[in-house]
There are 2 protein chains.
Amino acid sequence: MVTRTARTRVKRKPLSRRRILNAALRYIDEHGVEKLSMHKLGAALDVEAMSLYNHVANKSDVLDGVVGAIWEEIETAAAPGEDWRENYRDFARAIRDVLGRHPRAVPLIPSRPVMTDASLRAVKTQVTVAVESGVDTEEAYALLRTVTSYALGHAAIYTNWELACASCAPSVADLLHPDTPAELAEVADVFCGRSDPDAEFELGLGLMLRRVAPFQAR
Amino acid sequence: MVTRTARTRVKRKPLSRRRILNAALRYIDEHGVEKLSMHKLGAALDVEAMSLYNHVANKSDVLDGVVGAIWEEIETAAAPGEDWRENYRDFARAIRDVLGRHPRAVPLIPSRPVMTDASLRAVKTQVTVAVESGVDTEEAYALLRTVTSYALGHAAIYTNWELACASCAPSVADLLHPDTPAELAEVADVFCGRSDPDAEFELGLGLMLRRVAPFQAR
DNA sequence: ACCTGAACACCGTTCAAGT
DNA sequence: ACCTGAACACCGTTCAAGT
């Protein structure tokens with residue numbers, strides 16, 4: 001046991017909201033949201049649970065902060081260029097990539113309505129370029145919402161499967177209830193077993209962004 | 001205080017897995033997933049928490065069961081016809097409608113990989129009709145996954161906003177951090193404030209299902 | 001100014017005991 | 001066969017006390 005007084009300054013960086021949020025995201029990545037507790041988060045930071053309350057309001061605040069951090073990652077991952085359609089595609093890809101890096105944090109997103117500066121900045125950037133390229137403002141927003149929905153939904157479904165497969169299952173069939181009828185087990189196998197997630201994601205994007213002015217298209 | 005012995009048989013239906021799951025879904029609809037506890041679920045059924053363990057394995061089992069119940073609702077809401085594209089559309093609409101009826105249960109879906117009989121049957125039904133209409137099997141699956149992703153993502157985003165708006169906010173600005181820059185607050189207002197969710201959902205569907213054979217299309 | 005011990009009401013879950 | 005009391009380890013959160 002090393003006595004702590006001598007090394008106090010070196011041993012432990014002071015707590016901060018940022019550090020807490022980072023630790024929380026890392027903990028969620030490793031163990032899942034449902035396992036996160038203030039006690040364990042404190043332990044991960046080498047601190048008692050109660051100390052956290054000097055830097056965050058409560059657990060809900062921590063969770064909101066984690067979602068905010070994820071949006072910051074998405075914002076930096078999606079650097080916009082000139083072609084607005086390519087931008088929209090990249091934005092969707094950024095969402096998918098970042099959520100793919102934090103699969104266990106995905107369920108957090110539909111559960112807390114956080115609109116942080118980072119997410120709003122990202123939206124603004126995307127829309128601005130589109131509008132400057134001649135797209136109607138309302139359309140630019142509508143299409144961006146549509147693309148975002150798709151990216152989120154895709155990430156939600158696929159990360160989920162991958163998590164499940166990675167964790168326990170040599171084959172998809174093992175994820176089913178044991179008394180699932182054979183012909184339904186087969187459906188499960190095709191539906192979520194063999195598919196190329198990347199190609200399929202691009203399929204949806206291609207379908208959505210094929211035309212410039214979808215509202216007028218028909 | 002009515003004495004209970006005399007009425008025991010009438011007063012209380014026996015517990016069952018089904019009854020527990022229904023109560024759980026109702027509780028989640030009213031109070032949100034994070035508020036659900038075995039103790040409170042028991043109380044809602046006029047029973048001690050421990051009694052539940054005679055019918056369900058644990059809390060995780062309850063949550064899985066709730067997701068299963070939601071898929072059953074979706075299955076019955078999506079009755080397929082002859083036109084496979086219209087079917088796909090209706091399937092997406094069914095997902096959106098049912099999730100719209102259970103907004104607080106939405107976060108549950110990306111957090112548990114449940115493939116129940118109901119969800120697999122629904123998939124099978126959809127794909128079968130499409131394949132019979134001449135769509136390639138792989139394409140039928142891929143497109144169904146794409147449409148499902150979109151429907152789920154759309155539901156996740158919009159129900160979330162509506163919940164937030166309904167609960168506290170006369171205007172979108174009240175959902176933001178007080179020190180959000182004005183020009184970002186404006187973005188938030190347009191992005192999630194004024195939009196017609198129904199029309200927009202149909203926009204995405206239209207874009208996705210415009211052609212019969214998207215893989216070959218380009 | 002920031003961290004902690006003690007404390008509280010509330011969790012999930014088990015098991016032996018009741019009917 | 002099904003329900004319950006008592007019990008356990010573990011939650012989130014507060015507050016007064018320490019440095």
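What you see is a predicted model, and the numbers here were worked out from it, not measured in a lab. The sequence lines fix the lettering, A, B, ..., with proteins before strands; numbering per chain opens at 1.
Applying the side chain to side chain donor-acceptor pair (under 3.5 Å) definition to pairs two or more places apart or across chains, those involving residues 23-41 of chain B are B:D29-B:H102. Sorted by first then second residue, the side chain to side chain donor-acceptor pair (under 3.5 Å) pairs that include residues 111-121 of chain A, not counting sequence neighbours, are A:S60-A:R112, A:D64-A:R112, A:E75-A:R121. Within the structure, no pair that satisfies the salt bridge (charged side-chain N to carboxylate O under 4.0 Å, His left out) test touches residues 49-59 of chain A, not counting sequence neighbours. Within the structure, ring-ring contact (aromatic ring centres under 6.0 Å, His included) contacts touching residues 40-81 of chain A (residues at least two apart or in different chains) do not occur.
With rounding to whole Å, B:E48 atom CD is found 15 Å from C:dT19 atom C1'. Between the P atom of D:dT13 and the CG atom of A:D61 lies a distance of 10 Å, rounded to the nearest Å.
Looking at residues two or more places apart in sequence or on another chain, you find a side chain to side chain contact (heavy atoms under 4.5 Å, CB included) between B:R101 and B:E73, B:V98. A search for ring-ring contact (aromatic ring centres under 6.0 Å, His included) contacts involving A:Y158 returns A:H154, A:W161, not counting sequence neighbours. A:V33 meets the side chain to side chain contact (heavy atoms under 4.5 Å, CB included) test with A:I28, A:L108; sequence neighbours excluded. For A:Y141, there are no ring-ring contact (aromatic ring centres under 6.0 Å, His included) partners at least two apart in sequence or on another chain. Listed by chain and residue number, nothing satisfies the salt bridge (charged side-chain N to carboxylate O under 4.0 Å, His left out) test with B:E48 (two or more places apart in sequence, or in another chain).
Proximity note for A:A49 (side chain, C-beta onward) versus D:dC3, D:dT13, C:dT13: the nearest is D:dT13.
Contact between the side-chain N/O atoms of A:S51 and the OP1/OP2 oxygens of C:dT4 is found at a separation under 4.0 Å.
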Open item on the list: Dot-bracket, 5' to 3', for DNA chain C please: Watson-Crick or G-U pairs under 3.5 Å, [ ] where pairs cross earlier ones, | where the partner sits on another strand, dots elsewhere.
Closed with: ||.|||||...|||||.||

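A 4.5 Å side-chain heavy-atom check between A:L15 and A:N54 finds every atom pair outside the cut-off.
Taking every heavy atom of residues 52-60 of chain A and every atom of DNA chain D, pairs under 4.0 Å involve A:Y53, A:N58, A:K59, by number. In the region residues 31-42 of chain A, proximity to DNA chain D at under 4.0 angstrom, judged on heavy atoms, holds for A:L36, A:S37, A:M38, A:H39, A:K40.
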